[in-house]
Amino acid sequence: MHKIKVRINGRDFEDEVDSRLLLVHYIRQKARLTGTHVGCDTGNCGACTIIFNGKTIKSCLMLAVQANGADMTTVEGLAKNGLHPIQEAFMDRFAIQCGYCTPGMMLSACSLLQTNPQPNEAEIREAIEGNLCMCTGYQQIVEAIQYAAEKTRK
Ligand code: FES
Ligand code: FES
């Protein structure tokens, strides 16, 4: 067992974790933030995407002990005073069906807009290429991210 201290969505957590515990399972089971989904556990689907020290990662590809000292954002940390623009855009542009991919998609989109506030369609598609969606065909998701970018610029 190892002691770790992490910050998630501005809140500090201190826990003892098994050396083999994946970060995604720490987030879901210990921090009780179940908005971070598990689709594959092997780095393929992107459902477990979070923002880790400012960059998106797939949290099933990291051990919880490796996150010691990290600052993370999960989907629960997006809404501050009301929904985040990306959340509103996903609703307004019907970019959600079953919702399984949605938290990871939103975090990839947020990370993109932080570094590139005016992405073109190709840049958006590249930013979400690690996030698989079984339902939407991606078009509404791309449009939602374009819409969020427009709203954020105003
Ligand atoms: Fe992490 Fe699928 S659960 S990439
Ligand atoms: Fe169902 Fe994307 S909305 S997987």
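Residue numbers count from 1 along this sequence. In this text, all values refer to a predicted model and were calculated from it rather than measured experimentally. Any value given below was found using the heavy atoms of this structure, including those in side chains, with hydrogens, waters and symmetry copies removed. Whatever order the structure lists them in is the order used to number ligands and atoms, beginning at 1.
In summary, the side chains of Glu143 and Gln139 do present a donor paired with an acceptor at a separation below 3.5 Å, with no hydrogens or angles considered.
Annotation for ligand 2: atoms under 4.0 Å from non-hydrogen atoms of Gly99 are 1 (Fe), 3 (S). Interface atoms of ligand 1 facing Gly39, defined by a heavy-atom separation under 4.0 Å, are 3 (S). Taking every non-hydrogen atom of Gly46 and a distance limit under 4.0 Å, the qualifying atoms of ligand 1 come out as 2 (Fe), 4 (S). Close approach to Gly43 involves these atoms of ligand 1, each under 4.0 Å from a residue heavy atom: 4 (S). In summary, the atoms of ligand 1 found under 4.0 Å from a heavy atom of Cys45, numbered by their order in the structure, are 2 (Fe), 3 (S), 4 (S). Residue Cys40 approaches ligand 1 through these ligand atoms, each under 4.0 Å from one of its heavy atoms: 2 (Fe), 3 (S), 4 (S).
When SG of Cys48 and SG of Cys60 are joined through atom 1 (Fe) of ligand 1, the resulting angle is 110° to the nearest 10°. Vertex atom 2 (Fe) of ligand 2; arms to Cys101 atom SG and Cys133 atom SG; angle 100° (nearest 10°).
Scanning all protein heavy atoms for the shortest distance to atom 4 (S) of ligand 2 gives Met134 N, 3.3 Å.
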Could you give me the CA-CA distance, side-chain angles and deciding distance for Ser108 and Asn131, then say whether side-chain hydrogen bond (donor to acceptor under 3.5 Å, both in side chains) is met? CA-CA 8 Å; Ser108 290; Asn131 297 86; 2.8 Å; yes
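In this structure, the side chain of Gln87 engages the main chain of His84 through a donor-acceptor pair within 3.5 Å. Looking at Lys30, its side chain does come within 3.5 Å of a backbone N or O of Glu16 through a donor-acceptor pair. At least one donor-acceptor pair closer than 3.5 Å links the side chain of Asn116 to the backbone N or O of Gln118.
In this structure, Tyr138 and Met105 have side chains that are in contact, with non-hydrogen atoms separated by less than 4.5 Å. Side-chain contact between Leu33 and Arg28 is absent, with no heavy-atom pair separated by less than 4.5 Å.
Atoms CG and CG, from Asp18 and Leu63 in turn, are 9.5 Å apart once rounded to the nearest 0.5 Å.
Residue side and main chain included, Cys98 places an N/O/S atom under 2.8 Å of atom 1 (Fe) of ligand 2. Residue side and main chain included, Cys135 places an N/O/S atom under 2.8 Å of atom 1 (Fe) of ligand 2.
Counting heavy atoms closer than 4.0 Å to ligand 1, residue Asp41 contributes backbone atoms (N, CA, C, O) but none from C-beta onward. Contacts between Asn44 and ligand 1, counted as non-hydrogen atom pairs separated by less than 4.0 Å, involve the backbone only.
The environment of Glu121 atom CD is dense: over 12 non-hydrogen atoms of other residues, nucleotides or ligands sit within 6.0 angstrom.
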